[in-house]
Amino acid sequence: MPEPAHVYNPAAIEAKWQRFWKQNKTFKAIDCDYTRPKLYVLDMFPYPSGAGLHVGHPEGYTASDIWCRYKRMHGYNVLHAMGWDAFGLPAEQYAVKTGTHPAVTTAKNVDIFKKQLEAFGFSFDWDREINTTDPKYYKWTQWIFSQLYKQGLAYESYEPVNWCPELGTVLANEEVINGRSEVGNYPVVRKPVRQWVLKITAYAEELLAGIDELDWPEGTKEMQKNWIGKSTGAEVDFQVQGGKDTIRVYTTRPDTLFGATYMVLAPEHPLVAKLTTADRRAAVQAYVNEASSKSDLDRTELNKDKTGEFIGVCAINPVNQQPIPIWISDYVLISYGTGAIMAVPAHDTRDFEFATKFKLPITCIMRPDPKACAAAGVDPEAVIAGKACWVEDGEMMNSSNDEVSLNGLRMTEAKQRITDWLHAKGIGEPTVNFKLRDWLFSRQRYWGEPFPLVHMEDGTVKLVSEEELPVILPEMENYKPTEDGEPPLARAADWLDYTDPVTGAKGKRETNTMPQWAGSCWYYLRYIDPHNDQAGWDREKEKYWMPVDLYIGGAEHAVLHLLYSRFWHKVLYDLGHVTHPEPWKRLIHQGMILGISYKDQRGVLVPNDQVVEKDKKFFHKKTGEELTMLPAKMSKSLKNVVNPDDIIKKYGADSFRLYEMFMGPLEEVKPWNTEGVEGVCRFLNKVWRMIVDVDTGTLAPEVSDAPMSREAERILHQTIKKVSEDIESLDYNTAISQLMIFANEFSRMPQRNKTALETFVLLLSPLAPHIAEELWQRLGHQDTLAYHPWPKFDPAKLTVDEVEILVQINGKPRARINVPASADADALCALALADETVQAQIAGKTIVKSIGVPGRLVNLVVK
RNA sequence: GCCCGAGUGGUGGAAUGGCAGACACAACAGACUUAAAAUCUGUCGGGGGAAACCCCUUACGGGUUCGAAUCCCGUCUCGGGUACCA
């Protein structure tokens with residue numbers, strides 16, 4: 001028998017409705033429409049890589065799309081757009097290898113990405129599409145840089161980079177493995193290079209203060225706070241013994257000054273070379289050299305085992321005139337504080353480890369609180385004897401000189417008193433410090449925004465005028481750095497030469513380019529007014545649309561992108577270019593989608609094309625070893641990347657969307673399982689057959705105008721309630737479960753109320769929009785349902801007369817009884833006690849306590 | 001190392017202080033079919049019992065509570081970030 005003519009056919013209806021939405025500009029966002037509330041929903045825009053879209057991209061985009069469609073049905077004017085974060089390393093590396101201009105590669109990839117995204121039926125306003133590599137876009141990236149520059153927030157500095165002499169290029173941290181290049185395994189050195197740096201630290205206080213206002217995941221807020229890392233403490237000067245030099249240290253614990261028994265400098269500290277004695281020079285120099293080849297991360301990673309060298313001289317502890325040895329060690333970073341610390345091993349874990357290893361003296365100056373000590377499992381006597389470390393509060397001891405005594409004080413008062421004393425003596429100051437470092441904003445690469453800067457012949461740096469923007473990236477044939485390590489743009493002979501249009505003064509253009517962060521720092525402002533060539537954005541439109549109401553993107557951006565962008569926004573706010581101090585009100589992270597992978601007994605991951613299946617077990621194709629399945633990050637090398645095109649082709653975009661949302665909570669990491677797509681596809685088929693007669697294509701004969709049973713009404717209203725609440729809180733997985741329950745129930749009914757089915761279609765529409773539009777039309781409606789009012793439930797239809805509740809005895813389930821739904825706690829207990837099973841259970845025992853929870857349970861505590 | 005997050009059936013998950021396993025996937029059995037696919041119906045955490053039913057079970061170890069997957073403390077494992085991947 002041939003298949004019926006009118007079965008669910010996603011390919012046909014998805015193409016039909018995508019065409020309809022496009023032709024009718026259904027999702028056009030109207031600027032400054034004050035008749036409707038606005039809603040700005042933002043996705044993190046993708047880097048259009050050559051590999052095309054993977055299944056991770058559509059997850060966040062589907063989530064935001066559902067939210068947009070749902071809110072349109074509530075009367076919102078929604079701004080939802082897409083664009084391309086298209087500067088970046090891969091296109092440049094490809095250019096170096098093949099000579100293909102990155103712009104060509106990028107255009108091709110954008111094309112592929114756009115076609116792929118369109119197949120999902122996302123309700124983007126495609127008229128607002130943007131591309132960070134478009135000179136019409138990066139003109140304004142350069143313009144924003146100019147504003148920062150004019151504020152004195154950009155400066156030149158020599159900063160260390162990963163320089164690979166063999167490859168003649170600067171490498172990203174991830175391209176360096178154990179001090180060697182990932183490609184070719186050549187040695188990599190840390191070499192200072194002239195860079196542009198943005199003074200994000202000037203905004204540290206504001207960036208920190210703003211976090212509290214945000215409706216963001218708490219963990220992300222926490223990470224940003226820790227990244228900014230504000231601490232209060234003091235800077236203290238130590239004299240070098242027998243010399244004129246002073247070493248300034250930063251400490252958060254000035255109260256422990258009397259316990260400082262040695263001092264540590266970062267290996268890069270400027271005084272190291274000067275102070276080191278002749279007999280220690282060789283060892284110290286070797287240590288400095290070794291440290292210089294490691295990144296900060298490498299250093300701290302190896303920090304379990306502390307290393308260091310004594311430089312041969314001592315400093316004088318200013319509170320007690322004790323000489324204390326000066327060491328250098330990796331665990332002190334030059335980039336934080338003053339690059340030097342006083343070490344108090346009795347009250348700092350790192351110092352304690354170091355002192356123990358190198359047998360340095362440990363002096364306890366604080367008696368721990370016995371209670372806190374016991375809770376932490378630390379022996380107070382061991383702390384006092386210098387055999388254990390105590391970092392919490394306590395009572396100061398051994399801390400006095402002729403002028404000041406901290407003995408008997410608590411940490412807070414002790415900090416205050418010693419800081420006052422240091423200040424009075426002129427050897428210390430209360431200091432606020434931030435972990436946050438200024439932002440290294442230049443790259444020695446071709447494929448990025450050129451800086452609007454010129455190095456003039458007289459040695460000054462000139463910011464090119466606004467009229468001269470954009471500074472266009474020149475065409476080139478060679479994308480490699482020059483032989484002497486200059487950025488690729490140093491090869492752009494004609495482009496380099498600059499003549500001031502007014503004065504005729506000559507200079508050379510800046511050859512560094514901006515990092516990829518630049519374009520993504522402000523793209524949400526460009527969607528507001530993407531075609532404006534007079535300004536980055538129109539003031540009134542900005543005022544109308546901003547701030548972004550909901551921003552969805554990966555947790556991997558929790559600190560860097562989200563912090564850099566907030567920084568730019570705050571500068572723009574201070575200059576009056578934007579009207580809100582924060583760009584994004586609410587933020588949600590979608591969890592990563594993992595692929596299926598396999599590992600052997602040693603735990604080594606095996607590429608999927610090396611795996612064969614036999615009777616639900618997996619074996620290595622070559623060795624025959626049995627493998628275990630596990631979820632792992634999708635990657636080309638593991639051959640476990642799932643291509644969305646294949647899934648859409650087989651099941652349709654609605655099934656794809658539904659599956660990704662049904663997998664689990666939006667924010668969780670979830671493994672992809674293609675079999676799961678079949679489940680939701682089956683559900684959509686069932687929905688189709690519930691409404692459409694697959695032989696004729698008209699409505700199914702069961703669809704009727706007859707009134708619903710009370711039970712059918714209850715299911716309908718429960719579904720409206722659950723789906724509305726769950727979409728509102730972005731719990732899409734449970735909203736879908738409820739829709740499945742509705743379809744299971746209604747499909748079984750010989751009479752299916754048409755109004756109930758229409759309501760169901762509306763509820764389904766944000767999640768699976770194509771099939772919903774099609775069914776809506778077949779149910780007799782002319783227009784799109786995209787702006788149809790969202791259904792409301794009637795609480796009266798949800799009630800039941802009787803509920804079954806649990807009776808527990810001493811917390812164990814013992815009986816189930818039916819009670820009126822309205823019964824209160826006392827009535828419940830009375831009903832429970834009247835039950836035969838319960839009476840048998842409590843016979844001969846005394847009721848100590850009875851707890852009744854209406855609609856839930858009764859718990860009887862008996863003896 | 002440091003910061004952040006997560007651990008529940010064979011699998012994805014539900015339940016965020018009140019009957020653990022909703023809704024699905026996979027598996028098994030049955031109906032329909034010449035047969036298969038599709039569809040429909042049923043079973044489906046582990047152990048014990050003929051059965052009524054009982055015991056155990058939310059990574060591990062403690063604690064708070066009448067009651068804990070849920071709250072607190074500790075441990076382990078996995079994932080994200082760590083400033084030039086984006």
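All of these numbers come straight from a predicted model, not from anything done at the bench. The chains referred to below are lettered A, B, ... by the order of the sequence lines, with proteins before strands, and numbering in each begins at 1.
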Verify the distance criterion only: is there a donor paired with an acceptor across the side chains of [X] and [Y] at less than 3.5 Å?
X: A:T62; Y: A:E660; answer: no
X: A:W522; Y: A:T141; answer: yes
X: A:N744; Y: A:K686; answer: yes
X: A:D726; Y: A:Q738; answer: no
X: A:Q444; Y: A:Q195; answer: yes
X: A:D351; Y: A:Y331; answer: yes
X: A:E678; Y: A:Y651; answer: yes
X: A:S231; Y: A:N433; answer: no

With [atom1] as the reference atom in both, quote the distance from [N] to [M] in angstrom, rounded to an integer.
N: B:G80; M: B:C85; atom1: P; value: 15 Å
N: B:C3; M: B:A83; atom1: C1'; value: 13 Å
N: B:A52; M: B:U58; atom1: P; value: 25 Å
N: B:G10; M: B:A59; atom1: P; value: 13 Å
N: B:U75; M: B:A27; atom1: P; value: 43 Å
N: B:C40; M: B:A24; atom1: P; value: 11 Å
N: B:G21; M: B:C73; atom1: C1'; value: 28 Å
N: B:C23; M: B:U33; atom1: P; value: 30 Å

What is the distance from [atom1] of [X] to [atom2] of [N], rounded to the nearest Å?
X: A:L739; N: B:A24; atom1: CG; atom2: C1'; result: 14 Å
X: A:L560; N: B:G80; atom1: CG; atom2: P; result: 16 Å
X: A:M661; N: B:A24; atom1: CE; atom2: P; result: 19 Å
X: A:E678; N: B:A37; atom1: CD; atom2: C1'; result: 12 Å
X: A:H561; N: B:U82; atom1: NE2; atom2: C1'; result: 18 Å
X: A:K221; N: B:G81; atom1: NZ; atom2: C1'; result: 19 Å
X: A:E174; N: B:A83; atom1: CD; atom2: C1'; result: 13 Å
X: A:L594; N: B:G79; atom1: CG; atom2: C1'; result: 8 Å

Open item on the list: Could you check whether any side-chain N or O of A:E92 sits under 3.5 Å from a backbone N or O of A:Y446, counting only pairs where one atom can act as donor and the other as acceptor?
Closed with: yes
Open item on the list: Heavy atoms from C-beta onward define the side chain here; which of B:C54, B:C23, B:G80 lies closest to that of A:R814?
Closed with: B:C54
TODO: Give the nucleotide from the list B:A26, B:A83, B:C23 with an atom nearest to the side chain of A:E675.
DONE: B:A26
Any base atoms under 4.0 Å from [X], or only sugar-phosphate, or nothing? Heavy atoms, all strands.
X: A:L440; answer: base
X: A:Q195; answer: base
X: A:L563; answer: nothing
X: A:N744; answer: sugar-phosphate
X: A:V170; answer: base
X: A:V161; answer: base
X: A:N685; answer: nothing

- [ ] Return the 5'-most residue of the pair A:V680, A:D438 with respect to RNA chain B, ranking by each residue's nearest nucleotide.
- [x] A:V680
Considering just the side-chain nitrogens and oxygens of [X], establish if one lies under 4.0 Å of OP1 or OP2 belonging to [N].
X: A:R443; N: B:C84; result: yes
X: A:N173; N: B:A83; result: yes
X: A:R350; N: B:C2; result: no
X: A:R682; N: B:A26; result: yes

Complementary nucleotide for [N] - Watson-Crick or wobble, under 3.5 Å:
N: B:C60; result: B:G74
N: B:U82; result: B:G1
N: B:A36; result: none
N: B:A15; result: none
N: B:C28; result: B:G42
N: B:G21; result: none
N: B:A69; result: none

Task: Per-nucleotide protein contact string for nucleotides 3-22 of chain B (B base, S sugar-phosphate only, - none; heavy atom under 4.0 Å) - done: SSSS-----BSS---BB--B
- [ ] Produce a footprint string for nucleotides 56-65 of chain B: one letter per nucleotide, 5' end first; B if the base is under 4.0 Å from any protein heavy atom, S if only the sugar-phosphate is, - if neither.
- [x] S---------
TODO: Would you check if A:M634 and A:L594 make a side-chain contact, meaning some heavy-atom pair closer than 4.5 Å?
DONE: no
Open item on the list: Does A:Q444 contact B:C84 through a side-chain donor or acceptor facing the base, at a distance under 3.5 Å?
Closed with: yes
Open item on the list: Under 4.0 Å between a side-chain nitrogen and a carboxylate oxygen: does that hold for A:K357 and A:E353?
Closed with: no
Open item on the list: Does this structure show an ion pair linking A:E222 with A:K225, if we count only N-O contacts that are shorter than 4.0 Å?
Closed with: no
Open item on the list: Taking syn as a glycosidic torsion within 90° of 0 and anything else as anti, which one is B:G30?
Closed with: anti
Open item on the list: Within the supplied structure, the quantity of interest is the number of heavy atoms (other residues, nucleotides, ligands) at a distance under 6.0 Å from A:K480 NZ; does it exceed 12?
Closed with: no
